[in-house]
Number of protein chains: 2
Amino acid sequence: MQSVNLKRLAEELHLSIATVSRALQDSHEVSPATKERVRALATALDYQPNAYASSLRRNQSKTIGVVIPKVTNHFFALAINGIEEAARQAGFHVLIYLTHEEYEREVSIIQHLKGGRVDGILMSVASGTENTEHLRSLRIPVVFFDRICPDISTANVTTNDYESGYQATAHLIEAGCRTIAHLLLSSSLSIGRNRQQGYLDALVAHGLTPSPGLTLPGTPANDGPAGQVGRIRELLQRRPDIDGIFASVERLAVSAYHVCRELGRRIPEDVKIVGFSNLESVSLFDPPLTTITQPAYDIGREAAKILLRAVEKKRPILPTQSVVLASELVQRRSTMP
Amino acid sequence: MQSVNLKRLAEELHLSIATVSRALQDSHEVSPATKERVRALATALDYQPNAYASSLRRNQSKTIGVVIPKVTNHFFALAINGIEEAARQAGFHVLIYLTHEEYEREVSIIQHLKGGRVDGILMSVASGTENTEHLRSLRIPVVFFDRICPDISTANVTTNDYESGYQATAHLIEAGCRTIAHLLLSSSLSIGRNRQQGYLDALVAHGLTPSPGLTLPGTPANDGPAGQVGRIRELLQRRPDIDGIFASVERLAVSAYHVCRELGRRIPEDVKIVGFSNLESVSLFDPPLTTITQPAYDIGREAAKILLRAVEKKRPILPTQSVVLASELVQRRSTMP
DNA sequence: GAGTTCTGTGTAAACGTTTACGTAAATAAA
DNA sequence: TTTATTTACGTAAACGTTTACACAGAACTC
């Protein structure tokens with residue numbers, strides 16, 4: 001198909017394939033003059049090495065796989081941005097796989113990746129994932145970011161979720177809230193548990209008593225925006241005394257806004273809202289949304305760097321290489337006293 | 001490395017490698033009994049075929065490359081979603097490359113892809129791209145979506161940009177605007193030219209005279225949000241009579257909101273705004289933004305389908321396979337009379 | 001029963017690289 | 001001069017698949 005290969009170059013230059021290959025890799029076993037001849041013809045014929053032959057022989061593909069729940073969440077879009085940047089700098093390619101928060105898809109994707117198509121994996125586990133068997137039998141290096149898998153001994157890149165949960169809740173309390181709801185995506189994710197613990201500790205530290213009914217745990221099988229809106233509406237109707245909402249994920253904050261409008265609850269007069277979000281346009285919201293903003297780009301880039309270093313040095317990834325980055329609380333009108 | 005391969009299976013089953021290979025492909029040349037034995041051992045040992053050996057031999061990688069300007073634009077995130085879905089259904093993998101709107105990166109990426117790493121390419125050209133030489137020498141099938149390359153004879157998946165430009169402008173006029181600005185990303189993209197023509201024709205059809213000074217053409221080298229804000233501010237200060245803004249891209253609509261706030265122009269009382277956007281949260285904006293919403297998911301999926309069909313049948317892609325999908329104008333408060 | 005087709009399997013050659021090993025000539029060391 | 005080392009290249013064997021071809025034996029045809 002693609003007719004210009006090492007053989008073709010070798011024939012035209014009256015050299016062996018081996019010499020041509022070595023010349024293109026700038027091997028010291030080739031004379032400068034020959035190298036020059038080879039390079040000249042290679043560029044003249046627009047030679048590009050066959051990635052698959054090379055990968056097969058070297059047993060490494062210069063490719064990493066990114067397995068994430070969705071790309072329409074701005075957090076993940078920014079993370080991909082950081083990943084792609086780190087990969088490009090290291091000469092690596094990026095394969096992308098979306099789980100859509102579904103356990104089955106995640107298993108199927110990981111199964112495919114076992115074939116050695118990628119040298120390493122960056123992953124944020126699906127909200128529907130509870131069993132981690134598919135990840136434990138994985139022989140390929142993996143780094144988790146944001147949504148980690150505690151069962152696997154590897155490096156994780158996360159944010160200070162406990163502190164963020166504490167900070168967000170304390171912020172609401174200081175703004176005058178007394179009955180604060182916590183909306184989360186899935187209670188099976190460690191990330192959610194950490195935020196929940198921060199939320200609980202902040203309540204207690206400020207002399208408020210946590211109520212189980214105020215935490216909306218999310219369904220294991222993510223039921224999408226419609227289901228989320230329904231569950232939030234039900235919660236706000238059941239507990240009309242709620243005066244503060246802490247949303248653990250962007251979508252839930254948006255859904256909460258919609259429900260508040262529908263039920264005629266004014267933000268921030270009746271209900272104050274703070275939510276995790278990476279949307280730049282929250283400042284244009286009515287009212288502007290107070291956010292916990294994660295350094296999504298840096299998370300992606302750091303995770304990729306750790307993975308790429310390990311792949312390049314062929315060293316295992318140690319849990320001690322884990323990185324925790326700080327999120328930032330950006331105060332806006334939705335939590336004004 | 002990955003020790004379980006065809007050889008291993010063949011040895012354990014006392015068969016030849018060829019038979020094992022054929023059995024796994026469900027070839028009619030293998031007896032049902034043997035097939036069953038092979039399949040049983042393959043699953044027992046968790047065998048996964050080596051993708052690179054297979055790709056090398058078959059000369060096709062079951063992989064497509066997606067080359068886009070950025071993934072943080074919600075339009076592209078949704079498009080990737082559609083692409084990934086179509087690819088997954090066809091058993092294809094998706095490599096992702098970001099140009100960051102830069103011509104040099106685009107050239108470098110395309111150069112890499114010439115090595116046969118992918119069977120096909122889906123692409124939306126960078127705003128910085130004016131020379132198309134790198135695309136013309138490409139031997140791999142490519143389908144453009146949204147931002148096409150008119151020089152290349154292939155299928156394109158676009159939206160009705162001219163009509164959208166006309167419709168958006170007419171909508172502003174009907175809402176009472178008389179001096180309408182058009183903000184676009186890059187005047188070198190065909191997509192921008194089409195929208196601009198729709199804008200101009202709508203003005204004339206409604207008895208208004210277009211003024212060149214009202215079109216903000218964008219810089220070839222995309223100067224990012226800060227530069228955009230500066231140019232929009234300069235325009236609104238130079239022309240205080242502007243009472244309508246048509247933004248050809250999401251970011252510009254957001255920037256326009258910020259500038260209007262900064263300059264104290266009320267939306268929609270002083271200035272009405274309509275913008276291309278795929279953000280779900282525009283309905284939470286203050287005021288909610290009237291949008292032209294492109295069917296981004298469908299665009300990605302359609303483009304991928306066309307490409308994948310061509311790759312699978314090994315047929316060339318014809319311009320006649322192009323698809324034009326309709327965008328939708330969603331009226332919200334930012335253009336209320 | 002001789003010839004023909006079909007069935008199931010094995011042999012071996014590809015695909016395009018990389019690389020261990022071999023080797024002639026050139027240079028250095030003795 | 002002889003021997004050791006270096007330099008610059010070639011030979012050939014991998015990497016794990018797929019597949020054209022060969023070939024037994026079984027099942028048909030006449």
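Reminder, nothing fancy here: chain letters follow the sequence lines and each chain counts from 1.
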**Request:** May I have the distance from L45(B) (atom CG) to dG16(D) (atom P), rounded to whole angstrom?
**Result:** 15 Å
**Request:** Using atom CD of Q48(A) as one end and atom P of dC15(C) as the other, report the distance to the nearest whole Å.
**Result:** 20 Å
**Message:** Please report the distance, rounded to the nearest Å, between CZ in R57(B) and P in dT17(D).
**Reply:** 13 Å
**Prompt:** Is it true that atom NE2 of H134(A) has more than 12 heavy atoms of other residues, nucleotides or ligands lying nearer than 6.0 Å?
**Reply:** yes
**Request:** Quickly work out the L6(A) CG to dG16(C) C1' distance and round it to whole Å.
**Result:** 7 Å
**Asked** By a strict heavy-atom criterion of less than 4.0 Å, which residues belonging to residues 8-21 of chain A are in contact with DNA chain D?
**Response** H14(A), L15(A), S16(A), A18(A), T19(A)
**Prompt:** Within this structure, what is the CG-to-P distance between L56(B) and dA14(D), rounded to whole angstrom?
**Reply:** 17 Å
**Item:** Between dT18(D) (C1') and Y52(B) (OH): distance, integer Å
**Value:** 18 Å
**Complete:** Contact check, residues 26-38 of chain A vs DNA chain C, heavy-atom distance under 4.0 Å, returns none
**Asked** Taking atom types as they are modelled, is there a donor-acceptor pair under 3.5 Å from the base of dG10(D) to the side chain of R22(A)?
**Response** yes
**Prompt:** How would you list, by chain and number, every residue that makes a salt bridge (Lys or Arg N to Asp or Glu O under 4.0 Å) with K35(B), sequence neighbours excluded?
**Reply:** D26(B)
**Asked** dG16(C) phosphate, OP1 or OP2: any side-chain N/O from Y47(A) under 4.0 angstrom?
**Response** no
**Prompt:** Under the side-chain contact (heavy atoms from CB on, under 4.5 Å) test, which residues partner T72(A), sequence neighbours left out?
**Reply:** K70(A), H74(B), A77(B), L78(B), N81(B)
**Request:** Could you list the residues that satisfy side-chain contact (heavy atoms from CB on, under 4.5 Å) with E36(A), not counting sequence neighbours?
**Result:** R39(A)
**Request:** Please list, chain by chain and in numerical order, all residues satisfying side-chain contact (heavy atoms from CB on, under 4.5 Å) with E11(B), sequence neighbours excluded.
**Result:** K7(B)
**Whole-Å gap separating P (dC15(C)) and CZ (R58(A))** = 21 Å
**Request:** Apply salt bridge (Lys or Arg N to Asp or Glu O under 4.0 Å) to E29(A) and list each qualifying residue two or more places apart in sequence or on a separate chain.
**Result:** none
**Request:** Verify whether one side chain among S21(A) and Q25(A) offers a donor that lies under 3.5 Å from an acceptor in the other.
**Result:** yes
**Asked** Separation of K7(B) atom NZ from dT18(D) atom P, in whole Å?
**Response** 17 Å
**Item:** Set of side-chain contact (heavy atoms from CB on, under 4.5 Å) partners for S31(B), sequence neighbours left out
**Value:** A33(B), T34(B)
**Item:** Partner set under salt bridge (Lys or Arg N to Asp or Glu O under 4.0 Å) for E85(B), not counting sequence neighbours
**Value:** R105(A), R88(B)
**Item:** Nearest-nucleotide pick for A53(B), side chain only, options being dG16(D), dT18(D), dT17(C)
**Value:** dG16(D)
